[in-house]
Q: 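Take this structure, written in structure tokens, and hold onto it; I'll ask about it next.
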Amino acid sequence: MSQYKERFVTLLHEKNFVTDQLATLEQKTGVKREYIALGALSFVGLYLLFGYGASLLCNLIGFVYPAYFSIKAIESNSKEDDTQWLTYWVVYGLFSIVEAFSDIFLFWFPFYYASKCLFLIWCMAPVTWNGSEILYKRVIRPFFLKHESAMDNAVRDLSAKAKNMTKAVTAEGETSTVHMHVQPHLHTGTI
């Protein structure tokens with residue numbers, strides 16, 4: 001247990017925007033940043049369990065942190081962090097699609113948003129048992145490899161249909177523009 005506490009304290013003393021804000025609060029209030037962080041985490045946890053708008057908070061948690069680190073990954077020279085965050089976004093996207101169809105039932109379950117938030121945190125966690133990596137390797141990748149050619153054909157067909165539709169709409173718009181007749185405005189009356 002003490003190793004987790006040490007890791008938590010080390011994390012809270014790393015140099016970044018959040019820890020700078022915690023240091024300012026610690027200095028102004030005299031309360032250790034560990035207690036401030038635990039209080040904030042407890043508040044968020046309780047809000048996810050009982051608060052109004054827990055869905056928004058949960059979606060922000062599942063989006064903001066990964067988006068920030070995805071931008072950092074894009075700007076870095078390392079390929080590993082790119083792969084890590086692309087994997088997260090594939091899992092997040094698939095989860096969002098499944099949730100969209102099942103949300104009408106799921107949100108009735110007690111503590112659904114707290115569970116969803118824990119799931120998303122597991123998927124983005126910087127640990128070896130990261131959820132997005134496990135789900136990708138065990139579920140998504142095997143499914144994709146099995147059905148890759150069928151998916152490629154479907155994407156190719158949809159792309160061709162979209163391209164043809166775009167050409168048809170563009171041609172129709174150009175034809176309508178050429179044949180458009182502007183009525184001259186006639187002024188009658190005296191000055």
Q: If you round to the nearest 0.5 Å, how far is CG of Asp152 from CG of Asp157?
A: 11.0 Å

Q: With rounding to the nearest 0.5 angstrom, report the CG to OH distance, Leu94 to Tyr92.
A: 12.5 Å

Q: Heavy atoms only: give me the nearest Thr170-Thr166 pair and the separation to one decimal.
A: OG1-O, 2.7 Å

Q: What about Tyr113 and Leu60, same hydrophobic cluster or not, with Ile/Leu/Val/Met/Phe/Trp/Tyr joined at side-chain heavy-atom distances under 4.5 Å?
A: yes

Q: Distance from Asn130 atom CG to Gln84 atom CD, nearest 0.5 Å?
A: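 Going from the CG atom of Asn130 to the CD atom of Gln84 covers 6.0 Å.
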
Q: Any link between Leu38 and Ile36 through a network of hydrophobic side chains (Ile, Leu, Val, Met, Phe, Trp, Tyr) touching at under 4.5 Å?
A: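 Yes: a chain of side-chain contacts under 4.5 Å links Leu38 to Ile36.
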
Q: Any donor and acceptor pair, going by atom type alone, linking the side chain of Trp122 with main-chain N or O of Trp129 inside 3.5 Å?
A: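 Yes: the side chain of Trp122 pairs with the backbone of Trp129.
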
Q: With side chain to side chain contact (heavy atoms under 4.5 Å, CB included) as the test, pick out the partner of Phe143 among His147, Arg141, Lys146.
A: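 Only one of His147, Arg141, Lys146 forms a side chain to side chain contact (heavy atoms under 4.5 Å, CB included) with Phe143, namely His147.
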
Q: Answer yes if the ring centres of Phe63 and Trp89 are under 6.0 angstrom apart, and no otherwise.
A: yes

Q: Determine whether Phe101 and Phe109 fall in the same hydrophobic cluster, where Ile, Leu, Val, Met, Phe, Trp and Tyr are linked whenever their side-chain heavy atoms lie under 4.5 Å apart.
A: no

Q: Count I, L, V, M, F, W, Y as connected when their side-chain heavy atoms are under 4.5 Å apart, and connections chain through other members. Are Leu57 and Leu118 then in the same cluster?
A: no

Q: Are Val64 and Trp85 grouped together when hydrophobic residues (ILVMFWY) are joined by side-chain heavy atoms under 4.5 angstrom apart?
A: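 Yes; Trp85 is reachable from Val64 via cluster members.
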
Q: For a quick test of reading the model, state the closest non-hydrogen atom pair linking Cys117 to Cys58 and the distance between them.
A: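 It is N-SG, 3.4 Å.
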
Q: So, for Cys123 and Val91, which heavy atoms are closest and what is the spacing to 0.1 Å?
A: SG-CG1, 4.0 Å

Q: Mind checking the OG1-CD spacing from Thr24 to Gln21? Nearest 0.5 Å is all I need.
A: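 Reported to 0.5 Å precision, the distance equals 5.5 Å.
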
Q: Quick check against the 3.5 Å criterion: does Asn59 have a side-chain atom that pairs as donor or acceptor with the backbone of Ser55?
A: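 Yes, Asn59 side chain to Ser55 backbone: donor-acceptor pair under 3.5 Å.
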
Q: Quick check: do Phe111 and Lys116 have side-chain heavy atoms less than 4.5 Å from each other?
A: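 When only atoms from C-beta onward are counted, Lys116 and Phe111 do not touch, as no gap falls below 4.5 Å.
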
Q: What distance separates Phe119 CZ from Ser132 OG, expressed to the nearest 0.5 Å?
A: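 One finds 8.5 Å between CZ of Phe119 and OG of Ser132.
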
Q: Other residues, nucleotides and ligands only: do more than 12 of their heavy atoms fall within 6.0 Å of CD on Glu148?
A: yes

Q: State yes or no: are the ring centers of Tyr88 and Tyr136 separated by less than 6.0 Å?
A: no

Q: For Arg33, does its backbone N or O pair with a side-chain atom of Glu26 as donor and acceptor, under 3.5 Å?
A: yes

Q: Are Leu86 and Val90 packed together at the side-chain level, in the sense that at least one heavy-atom pair is separated by less than 4.5 angstrom?
A: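 No; the side chains remain at least 4.5 Å from each other.
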
Q: Measure the spacing between CG of Asp81 and CD of Glu75 and express it to the nearest 0.5 Å.
A: 11.0 Å

Q: Determine whether the side chains of Thr83 and Lys79 contain a donor N or O and an acceptor N or O closer than 3.5 Å.
A: yes

Q: What is the minimum heavy-atom distance between Lys137 and Pro142, and which atoms define it?
A: O-CD, 3.3 Å

